[in-house]
Chemist: 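Sharing a structure here in structure tokens format.
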Amino acid sequence: MSGKPKLHYFNGRGRMESIRWLLAAAGVEFEECFLEAKDDLVKLQKDGSLLFQQVPMVEIDGMKMVQTKAILSYIAGKYNLYGKDLKERALIDMYVEGMIDLNELLMVHTFQPAEKKEQHFATLVDKATNRYFPVFEKVLKDHGQDFLVGNQFSRADVQLLETLLTAEEFKPDILAKFPLLQSFKARTSNIPTIKKFLQPGSQRKPPLQEKDVEKVMKIFH
Ligand SMILES: N[C@@H](CCC(=O)N[C@@H](CSCc1ccccc1I)C(=O)NCC(=O)O)C(=O)O
């Protein structure tokens with residue numbers, strides 16, 4: 001009988017945060033093993049735990065899963081967060097992949113060199129407000145349901161909420177022109193499992209601080 005999933009990553013957001021979100025949204029308790037130094041990564045690499053020598057790695061159902069998207073897909077399928085049929089899954093995948101593209105910008109901003117930060121910030125705000133958020137505002141308008149796909153909660157809803165909240169950390173009024181995204185945020189934040197994850201003291205990680213960048217870079221480079 002497999003125990004709780006065990007997540008191997010550093011004690012911060014990075015690529016593992018969406019996995020934490022999805023497990024939490026599914027109501028699944030998980031353990032975390034934090035990499036504090038390069039040696040912790042090397043140990044996992046040397047004991048054969050990392051198929052491509054990289055983390056995130058999640059121990060789940062007797063597997064040592066790597067590759068963030070593969071892990072997310074497995075969790076979504078296991079906990080019925082992937083729609084009711086192939087077409088809904090295709091829609092979910094399109095929405096999630098689009099959000100992952102935006103999330104990549106949000107995720108790497110803190111790592112930008114000083115001389116590129118202002119331009120990078122302008123780019124991520126532009127992409128969020130002119131490319132990605134208009135799509136999901138229209139989906140919610142045209143679909144007329146509480147959730148993005150079908151009439152059931154899915155990994156796309158979890159990913160959208162994570163992305164909206166992260167974007168607001170960068171620019172608090174970023175949703176000013178998107179009333180349906182604002183109501184989606186309020187509604188989805190109140191789903192019990194998500195509401196619990198949003199409470200202080202949960203396993204949700206705070207935004208990466210400038211002061212922590214050097215320590216994190218030392219683990220992975
Ligand atoms: N395609 C892989 C990429 C994984 C990856 O880049 N892992 C990095 C850590 S996340 C790095 C990262 C990436 C984006 C934002 C913050 C951070 I920290 C790693 O293990 N590097 C060591 C190596 O490659 O030898 C995935 O999606 O899981």
Side-chain angles (χ1 to χ4, degrees), residues 5-26 28 30-61 63-78 81-82 92-114 116-117 119-121 123-125 127-128 132 155-156 158-160 162-170 203-221:
K6 189 170 188 180
L7 281 53
H8 296 264
Y9 202 62
F10 80 96
N11 185 7
R13 291 184 177 178
R15 296 188 182 283
M16 186 65 92
E17 192 68 0
S18 292
I19 295 168
R20 299 183 183 107
W21 266 91
L22 194 56
L23 285 169
V28 178
F30 55 89
E31 295 172 3
E32 296 193 88
C33 183
F34 297 124
L35 277 63
E36 297 291 340
K38 177 85 176 179
D39 283 354
D40 296 331
L41 176 64
V42 170
K43 182 176 180 300
L44 288 173
Q45 290 171 333
K46 287 186 173 175
D47 72 15
S49 295
L50 307 178
L51 188 62
F52 299 106
Q53 313 311 316
Q54 293 181 314
V55 289
M57 186 269 279
V58 174
E59 294 182 68
I60 186 168
D61 297 339
M63 301 183 285
K64 291 186 176 182
M65 286 202 76
V66 293
Q67 291 299 342
T68 306
K69 292 181 184 180
I71 297 165
L72 289 166
S73 293
Y74 181 78
I75 293 165
K78 180 178 171 80
L81 291 169
Y82 227 150
I92 289 166
D93 281 341
M94 287 198 301
Y95 295 164
V96 165
E97 286 302 309
M99 283 184 265
I100 286 174
D101 287 347
L102 174 56
N103 264 7
E104 196 68 22
L105 291 170
L106 298 170
M107 198 167 28
V108 301
H109 181 70
T110 315
F111 294 89
Q112 297 303 305
K116 291 187 177 179
K117 264 224 171 39
Q119 178 54 53
H120 189 268
F121 180 84
T123 300
L124 74 84
V125 170
K127 286 285 195 298
Y132 295 102
R155 64 177 293 200
V158 182
Q159 191 66 67
L160 180 56
E162 180 192 3
T163 304
L164 296 178
L165 294 176
T166 307
E168 284 186 322
E169 290 169 352
F170 282 86
Q203 290 168 294
R204 185 188 178 205
K205 301 299 182 274
L208 189 70
Q209 305 296 317
E210 292 286 347
K211 65 178 178 57
D212 298 323
V213 167
E214 189 179 350
K215 177 183 176 185
V216 172
M217 298 291 278
K218 280 179 181 170
I219 297 173
F220 296 116
H221 293 92

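Whatever order the structure lists them in is the order used to number ligands and atoms, beginning at 1.
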Chemist: Within ligand 1, which atoms have a heavy atom of Phe10 less than 4.0 Å away?
Modeler: 18 (I)

Chemist: Starting from atom 1 (N) of ligand 1, which protein heavy atom do you reach first, and at what distance in Å?
Modeler: Gln67 OE1, 2.7 Å

Chemist: Counting only heavy atoms not in Lys46, do more than 12 fall under 6.0 Å of its NZ?
Modeler: no

Chemist: Can you confirm whether Val66 sits close enough to Val55 that some side-chain heavy atom of one is under 4.5 Å from a side-chain heavy atom of the other?
Modeler: no

Chemist: Report yes or no: does a heavy atom of Phe52 sit under 4.0 Å from some atom of ligand 1?
Modeler: no

Chemist: Quick check: Thr68 and ligand 1, any N/O pair under 3.5 Å apart?
Modeler: yes

Chemist: Give the residue and atom name of whichever protein heavy atom lies nearest to atom 16 (C) of ligand 1, and the separation in Å to one decimal.
Modeler: Phe111 CE1, 3.6 Å

Chemist: Tell me, please, which residues at least two apart from Lys69 pass salt bridge (Lys or Arg N to Asp or Glu O under 4.0 Å).
Modeler: Glu97

Chemist: For Thr123 and Gln119, test the side chains for any donor-to-acceptor distance below 3.5 angstrom and give the result as yes or no.
Modeler: yes

Chemist: Please write down residue, atom name and distance for the protein heavy atom closest to atom 24 (O) of ligand 1.
Modeler: Gln54 NE2, 2.9 Å

Chemist: Going by the rule salt bridge (Lys or Arg N to Asp or Glu O under 4.0 Å), which residues pair with Glu59 if we only count those two or more places apart in sequence or in a different chain?
Modeler: none

Chemist: With the side chain counted from C-beta on, respond yes when Leu165 and Trp21 share a heavy-atom pair under 4.5 Å apart, and no when they do not.
Modeler: yes

Chemist: Among all protein heavy atoms, pick out the one at the shortest distance from atom 13 (C) of ligand 1; state its residue, atom name and that distance to 0.1 Å.
Modeler: Arg15 NE, 3.5 Å

Chemist: Given side chains that start at C-beta, do those of Asp93 and Arg155 come closer than 4.5 Å, heavy atoms only?
Modeler: yes

Chemist: Please list the nearest protein heavy atom to atom 20 (O) of ligand 1 with its residue and the distance rounded to 0.1 Å.
Modeler: Val55 N, 3.1 Å

Chemist: I want to know if ligand 1 touches Lys69 in the polar sense, i.e. an N/O pair below 3.5 angstrom.
Modeler: no

Chemist: Provide the number and element of each atom of ligand 1 under 4.0 Å from a heavy atom of Pro56.
Modeler: 28 (O)

Chemist: Checking Glu210 against Thr110: is there a side-chain donor and acceptor pair closer than 3.5 Å?
Modeler: no

Chemist: Can you tell which part of Val216 has a heavy atom less than 4.0 Å from ligand 1: side chain, backbone, both or neither?
Modeler: side chain

Chemist: Going by distance only, is there an N or O of Phe220 that falls short of 3.5 Å from an N or O of ligand 1?
Modeler: no

Chemist: How far is atom 12 (C) of ligand 1 from the closest protein heavy atom, and which atom is that?
Modeler: Tyr9 OH, 4.0 Å

Chemist: How far is atom 15 (C) of ligand 1 from the closest protein heavy atom, and which atom is that?
Modeler: Met107 CG, 3.6 Å

Chemist: Heavy-atom count check: over 12 atoms from other residues, nucleotides or ligands less than 6.0 Å from Lys43 NZ?
Modeler: no

